[in-house]
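Inspection log for the structure reproduced underneath, given as structure tokens.
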Amino acid sequence: IKRASDLSPTCQIQNIHLQGAQPWMDNLGQTLNQVDTIERHMKYLRCLQHIEELSAAVQQCLMTSSVWEAIRAVDSMAMLDAGLNQSGCSHLQNFLRETLHFWHKIIKDRLASDFEKVLTQLHWPIISPPTQSLTPTTNCQELNSQLELLVTQLLALQTSYPSVSPHLSTPPSQAPPLCLPIQIMLQPLSKRFRYHFYGNRQTNSLGKPEWYLTQVLMWMGNSSTFMEEKIQPILERAGATISARVELCRGLLSLVQEKVASDASRLLYDDMIFCHLVEEVLQFEKELRSNQLYPAVLPGLLHLLLEDAILQKWLTVEKKMAVEKMDAMLSAEGAWSSQYKDISDMDELKAPDCAETFMTLLQVITERYRTLPCPSAQLKFLGLQRELVDDFRIRLTQVMKEESRCPLGARYCAILNAVNYICTILGDWGDNVFFLQLQQAAVSLGEEGLLGGLGIMEVGRLASLEGSLFEGLLALLDRLKGDMMGRLLEWTIREITEKARPYCQDRWLSLPSQHDQSTMTLSSSACPMMLCVRDRLLNLHQVLSLSLFQLAWQGLAERLDNFLYQDVILSNHFSDGGAAQLQFDMTRNLFPLFGHYCKRPENFFKHVKEACIILCLNVGSAILLRNLLKESEEEMRDWAGAEDPPPESALHELGVYCLAPCDVLILLNLRASWPGQ
């Protein structure tokens, strides 16, 4: 750093000058600060004077009944208030807002008084259904002019007062305030509502929410014509983009919301009255949206039911009452009979009354929570429904085990029909748009209660709508249905096989040949078996649903085919007469029993049908076929003769597709009529 003695003469002169000028600069700075303070004080006083002038102008306008001029002066005050928002003059702001509020209230009270007088002459409020003409004809034009003037002035006054202006931006979750004319029109209705439905009045009953809900709906309906014909045109001419009818409904709805919120918190320990309140709220919401055309974007009453305590209570009561109804429906006298049993074209599913009542119960629960505005709340109810379905499945399983000693009984088949009916309905629900939307919501929200235990692949299938939220339940129900059907068929085939024992032991080898089939009759030993098959098919057709019966007769045909092939055909030797008799018994008697339910029943008895073809071949064809099969068997053993056609082609020419060549060879060896024997 250079010393002062090292500085040039010019720099030394400058430093001396600056040191001498510093006091002057300090004095000038103080003077400028004083000027700035005085200027701010002058602006403050001018602003205060302007407020006083505006206040005096409002007063003068009101004294001369110049309402529009008074409103414009108040509007100027509001603009001044908006300009002072960034100011630090808190006392000035408070004084201005108090002055603004003071004059706003005075003007509003004066206009409200005149507005109420006009409304009274127009018979407002309309408590009962309006007649054709409510407005006096003598001064109708004058009243309409006064009404339009007052409504327009009230709207202008509201826009000049920020705290009540409906045009200012509000948070999305908060609805804008009602327009001032509607607020005034609501006052007599609000007084009536609070008079009747608060305090010690008999009409204020916790157990009768429908009284005040119905009353409000009636007021909405009775007032709609007046609002649309008298108020709405004025609002449109004033440039207000609001619906008079909707505004009135919104105001009345605020009364109901306050009342429902108060009552619901007092009913958390009374299940019956709480349920009644929920039902009435849901019905009110339905009528509000459908009859009163209240916009869906505006909240009604349903959001009140989504409060944690109320929603949890609703779920608890819903489950409790559903379980009680399940107990009642399963123990009812006609639980296992169909209410449509005497109407054939309506009883295709043959659902027992308990199953139909249960699914109706679930449908009613769905209709109750369908309109809730919150997907997470809807998913809670869906979880409850899944829990109820699983509970009902367990109850059906318990009853089934009691009836499993007699699978052919009416109750066992009714349980099977119940399981099938529930599967059918849940399958339909899986394709329903509402449940598909809930499925997407469950995936997006990661709902643990519904998606818990599922892997990434399963969740991916749900997200792509390939699966459904009912898949787990359907798998359990299908397993129960399969077990029950298997037990039913095993019991049935066991009964048939008992009746078929004499037929298995018939003298097939010694039966004489009959050249004329027209003289043939059913084997006497087959009659008990055929009667049993016929009776069981008729019985199953009567007691099982159509889809279940299709499974039943096809499963029975498969089992019967295997039994006859193993225990009758492969266990005996056949003469020409025995083979012909067997074919006659099968094609003319057994197959037609199943012909009532399909066009080609022989296709379900492939082993028996093809065995009869082989056994009934004429001797020459049988010899050729046996030689062909033996040669083919030897060639296969020696890995030679690959250029010869396979034996299957010869079998196909005979109509044999199911039996293997080795099986056909066994059947040929069961023939007794070979040359030289």
Side-chain angles (χ1 to χ4, degrees), residues 334-356 396-397 399-424 477-501 503 522 526-564 567 585-586 589-608:
W336 303 106
S337 61
S338 171
Q339 57 180 319
Y340 305 114
K341 59 184 178 182
D342 298 327
I343 311 176
S344 58
D345 58 341
M346 291 184 62
D347 201 28
E348 186 175 302
L349 290 173
K350 291 185 170 61
D353 193 53
C354 63
E356 195 161 1
L396 289 178
T397 304
V399 180
M400 180 272 293
K401 289 179 179 178
E402 296 173 2
E403 300 295 327
S404 60
R405 297 172 185 171
C406 184
L408 299 178
R411 177 169 291 192
Y412 185 92
C413 293
I415 298 170
L416 185 53
N417 285 332
V419 175
N420 183 64
Y421 176 73
I422 296 173
C423 285
T424 302
L477 289 167
D478 283 336
R479 184 188 305 170
L480 176 59
K481 181 171 70 173
D483 292 344
M484 292 186 69
M485 180 62 74
R487 187 178 287 108
L488 174 66
L489 292 178
E490 289 301 324
W491 191 279
T492 304
I493 198 66
R494 190 183 308 151
E495 184 180 9
I496 293 174
T497 55
E498 287 297 323
K499 302 291 185 182
R501 290 303 168 195
Y503 191 65
L522 176 66
C527 290
M529 177 185 71
M530 297 295 180
L531 288 173
C532 185
V533 172
R534 183 201 65 179
D535 293 342
R536 286 296 157 234
L537 285 174
L538 288 174
N539 179 61
L540 293 175
H541 190 221
Q542 291 173 352
V543 298
L544 292 180
S545 68
L546 183 60
S547 59
L548 285 176
F549 178 67
Q550 290 285 343
L551 296 175
W553 75 256
Q554 291 176 13
L556 181 61
E558 180 184 357
R559 286 167 170 78
L560 191 55
D561 180 44
N562 289 329
F563 166 73
L564 293 172
D567 290 39
D585 292 343
M586 297 296 105
N589 294 277
L590 178 63
F591 296 170
L593 291 178
F594 292 83
H596 295 289
Y597 317 113
C598 64
K599 292 183 177 179
R600 300 184 65 84
E602 64 274 10
N603 290 339
F604 295 90
F605 293 88
K606 293 181 178 179
H607 291 86
V608 172

Check your understanding: Would you say the side chain of Met586 lies within less than 4.5 Å of the side chain of Phe605, judging by non-hydrogen atoms?
Key -> no

Review point. Can you tell if the side chain of Leu480 reaches within under 4.5 Å of the side chain of Leu416, non-hydrogen atoms only?
Key: no

**Study point:** Audit row: Met529, Thr497, side-chain contact (heavy atoms from CB on, under 4.5 Å) steps and yes/no
**Key:** CA-CA 7 Å; Met529 177 185 71; Thr497 55; over 6 Å; no

Check your understanding: Between Ile493 and Leu489, does a side-chain contact (heavy atoms from CB on, under 4.5 Å) hold up when you go through it step by step?
Key -> CA-CA 6 Å; Ile493 198 66; Leu489 292 178; over 6 Å; no

Check your understanding: Can you find a pair of side-chain heavy atoms, one from Lys350 and one from Leu546, that are under 4.5 Å apart?
Key -> no

**Study point:** From OH (Tyr503) to CG (Asp585), nearest 0.5 Å
**Key:** 3.5 Å

Check your understanding: So, do Val543 and Phe549 sit near enough that their side-chain heavy atoms are less than 4.5 Å apart?
Key -> no

Exercise for review: Identify the heavy atoms of Ala355 and Tyr421 that sit nearest to each other, and give their distance.
Suggested key: O-CE2, 3.8 Å

Revision key, fill the gap. So side-chain hydrogen bond (donor to acceptor under 3.5 Å, both in side chains) across residues 401-411, not counting sequence neighbours, yields none

Point to revise | Residues in salt bridge (Lys or Arg N to Asp or Glu O under 4.0 Å) contact with Arg534, at least two apart in sequence or another chain | key: none

Point to revise | Intermediate values then yes/no, side-chain contact (heavy atoms from CB on, under 4.5 Å), Glu558 and Asn562 | key: CA-CA 6 Å; Glu558 180 184 357; Asn562 289 329; 4.2 Å; yes

Revision key, fill the gap. ring-ring contact (aromatic ring centres under 6.0 Å, His included) filter on His596, not counting sequence neighbours, yields none

Practice item. Evaluate the side-chain proximity of Phe563 to Ile496: yes if any heavy-atom separation is below 4.5 Å, no if none is. Key: no

Review point. Below 4.5 Å, heavy atoms only, C-beta onward: do Cys527 and Leu522 meet side chain to side chain?
Key: yes

Study note, to complete from the structure: All heavy atoms of Pro407 vs all of Arg487, minimum pair found to be CG-CG, 4.0 Å

Review point. With sequence neighbours left out, what residues match Arg536 under side chain to side chain contact (heavy atoms under 4.5 Å, CB included)?
Key: Leu408, Thr492, Glu495, Cys532, Asn539

Practice item. Report, as yes or no, whether the 6.0 Å neighbourhood of atom CZ on Arg501 holds more than 12 heavy atoms from other residues, nucleotides or ligands. Key: yes

Check your understanding: Out of curiosity, Thr397 OG1 to Asp483 CG, how far, rounded to the nearest 0.5 Å?
Key -> 9.0 Å

Point to revise | All salt bridge (Lys or Arg N to Asp or Glu O under 4.0 Å) counterparts of Asp478, not counting sequence neighbours | key: Lys481

Check your understanding: Which atoms form the tightest heavy-atom contact between Pro352 and Ala335, and what is the distance?
Key -> CB-O, 3.5 Å

Point to revise | Ile422 side chain reached by Leu396 side chain, heavy atoms, under 4.5 Å | key: yes

**Study point:** Expected output: side-chain Asn417 to main-chain Ser545 donor-acceptor under 3.5 Å
**Key:** yes

Review point. Any side-chain heavy atom of Leu560 within less than 4.5 Å of one from Phe594?
Key: yes

Practice item. Report the C-alpha separation of Leu544 and Leu488 in whole Å, then their side-chain angles, then the decisive distance to 0.1 Å, and conclude whether the side-chain contact (heavy atoms from CB on, under 4.5 Å) test is met. Key: CA-CA 11 Å; Leu544 292 180; Leu488 174 66; 4.0 Å; yes

**Study point:** Heavy-atom donor-acceptor pair, Asn589 side chain to Met530 backbone, under 3.5 Å
**Key:** no

Exercise for review: Find the distance between CG (Asn603) and CG (Asp561) and round it off to the nearest 0.5 Å.
Suggested key: 11.0 Å

Exercise for review: Mind checking ring-ring contact (aromatic ring centres under 6.0 Å, His included) for Phe604 and listing every partner two or more places apart, or none if nothing turns up?
Suggested key: Trp553

Exercise for review: Tell me yes or no: between the side chains of Asn420 and Ser547, is some donor less than 3.5 Å from an acceptor?
Suggested key: yes

